[in-house]
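Okay, structure first, notes after.
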Number of protein chains: 2
Amino acid sequence: MNKQIITKNKILNIAEALFAEHGFNETSLREITAEAKVNLASVNYHFGSKKSLIEAVFERYMEVFTNSLMNEMAMLEKDVQNIKTLEVLQTLIHPLMAVNHIRPDGSSVFMKLLGRAYSETQGHLRRFVMQKYSHVFLRFTRLLHKANPELSSESMFWRLHFMMGSFIFTLAGHEALQEISQSDFDRKVDIETILTRLIAFLAAGFEYSREQSDTLKHSTHQ
Amino acid sequence: MNKQIITKNKILNIAEALFAEHGFNETSLREITAEAKVNLASVNYHFGSKKSLIEAVFERYMEVFTNSLMNEMAMLEKDVQNIKTLEVLQTLIHPLMAVNHIRPDGSSVFMKLLGRAYSETQGHLRRFVMQKYSHVFLRFTRLLHKANPELSSESMFWRLHFMMGSFIFTLAGHEALQEISQSDFDRKVDIETILTRLIAFLAAGFEYSREQSDTLKHSTHQ
DNA sequence: ATTATTTTCAAACAACTGTTTAAAACATAC
DNA sequence: GTATGTTTTAAACAGTTGTTTGAAAATAAT
């Protein structure tokens, strides 16, 4: 009963690191089991299939992340009137840092996994995540809409996806970006600094983008 | 001499469609050659390897795209003073539409390929593209800097990457987004409409994002 | 101590991958 | 028409993949 947990966790720990580094399809069960020093068949025994292992790896992070995010959003909703776009986006920062409790570089792993999830395998994982945590996503978009009540739901839809693109892309590649920043500007940046810059960028795009159809609505920002 | 071109082109045409639809790793040479009705070995005979085939597929689009983009940028550079961020970003629209000359849905294929290129296989293709067309990329960033001379190169660096994220992500997934837009708002959108919205979003993010370090510099926009 | 249950293990399975080979078919030139 | 070069073809190669099997080992329950 104890051995089971040990083996299962050994697999999870190694798997998430390898998945984050090389991708899901590019990581074989043999690589995982070899590095975890467990038998090849134990993945299928404990998880059923590789696909289920991937979902299990992802779920461990999503659980922590979404719980924390729900908390943050609840706090923001306490004074409903006058919610700012920037504040809504800032609810993401703490949850993204909270996954460091899972492992020291948890944020980094989680972000890379997120990036992989959105690009690979024609989006099986994306759909799995989207429907399992749709209530979190919905609550977030509603908050964003409250911060920008004048926006049509069509504008909301598009800007939301533009945001997600930047977010996923930046987070998934944050390691490379950190290295470039280090060598080009001799400035080491931590994840939170990147997030702050990113969120400032997205808030501006979300609030101030002037589409031909609703230019007027935005002409009054100070 | 004629047969060679026919076979080579048959492979290219089928390959680019399958690559765009399912990804590079997820498309086998057997699928390509079967659908193109040519022999399996002909890919290795004409292109040398699968990797070279991928690059060839990509190059055909990049050639048209970058040529057109260089033209657009040259036109913009004619009156150097007073270049707007939005104008710089708009130079991308026509080149992205120009690849429709390669095939009817060329824009769609090219965008999906771009998305794949940035996510898959740990970035082999991304590096290949980046170094082959680095002069185009550099010219574009210089224009962007001219439109925002007050920005530090560090701010430039980050905002550029935030932009790229949105761009790649949105273009790669444009088909799904189009479908959702169609069903949710009963409004069919073409690629150019998405691009216009996207570019407006990015221009706002690029110009108006307020970082703690250089908030002052932006406090004067009208 | 003896069942019963769970977990590990080595081996094999079946399917798939990109690539190479050597002979056949085809085209071109003299 | 023979010779030369190019392209196509079927077959085999060598490697990888996720999954299954059935016996062995370890653990738990009686």
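So you know, we letter chains A, B, ... as the sequences are listed, proteins then strands, and number each from 1.
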Does this structure show an ion pair linking A:Arg103 with A:Asp105, if we count only N-O contacts that are shorter than 4.0 Å? yes

How is A:Ser52 classified with respect to the nucleic acid when contacts are heavy atoms under 4.0 Å: base, sugar-phosphate, or nothing? nothing

Of the candidates D:dA10, D:dT20, C:dA10, the side chain of A:Asn39 sits closest to C:dA10

May I have the distance from B:Lys50 (atom NZ) to D:dG15 (atom P), rounded to whole angstrom? 19 Å

Counting side-chain heavy atoms from CB outward, which of C:dA10, D:dT6, C:dT19 is closest to B:Tyr45? D:dT6

Check the distance between C:dT17's C1' and B:Leu40's CG and give it to me in whole angstrom. 10 Å

In this structure, how many angstroms lie between the P atom of C:dT8 and the CD1 atom of A:Ile11, rounded? 8 Å

Verify whether the ring centers belonging to B:Phe110 and B:Tyr61 lie closer than 6.0 Å. yes

Value in whole Å for how far the P atom of C:dT19 lies from CG of B:Leu29: 6 Å

From the list D:dA12, D:dT9, C:dT20, which nucleotide is the closest neighbour of the side chain of B:Arg30? D:dA12

On the 0 to 90° scale, with breaks at 30° and 60°, tag the A:Phe157-B:Phe185 ring pair as parallel, tilted or perpendicular. perpendicular

Look at the side chain of B:His46 and decide which nucleotide, out of D:dT8, C:dT21, D:dT21, has an atom nearest to it. D:dT8

Looking at D:dT8, C:dT8, D:dT20, which one has an atom nearest to any side-chain atom of B:Thr7? D:dT8

Can you check the A:His22 NE2 to D:dT16 C1' distance for me, whole Å? 17 Å

Would you mind checking if B:Glu55 and B:Lys132 are paired as a salt bridge, meaning a charged N to carboxylate O distance below 4.0 Å? no

Base, sugar-phosphate or nothing for B:Thr27? Non-hydrogen atoms, less than 4.0 Å. sugar-phosphate

With a 4.5 Å limit on heavy-atom distance, are the side chains of B:Glu16 and B:Phe58 in contact? no

Need to verify one output field. Residue with the more 5' nearest nucleotide on DNA chain D, A:Ser28 or A:Gly48? A:Ser28

Of the listed nucleotides D:dT8, C:dT8, D:dT19, the one nearest the side chain of A:Ser49: D:dT19

Rounded off to whole Å, could you give me the CD-to-P distance for the A:Glu31 and D:dG15 pair? 17 Å

I need the CG-P distance between B:Asn44 and D:dT7, as an integer number of Å. 15 Å

I need the CG-P distance between B:Leu18 and C:dG18, as an integer number of Å. 12 Å

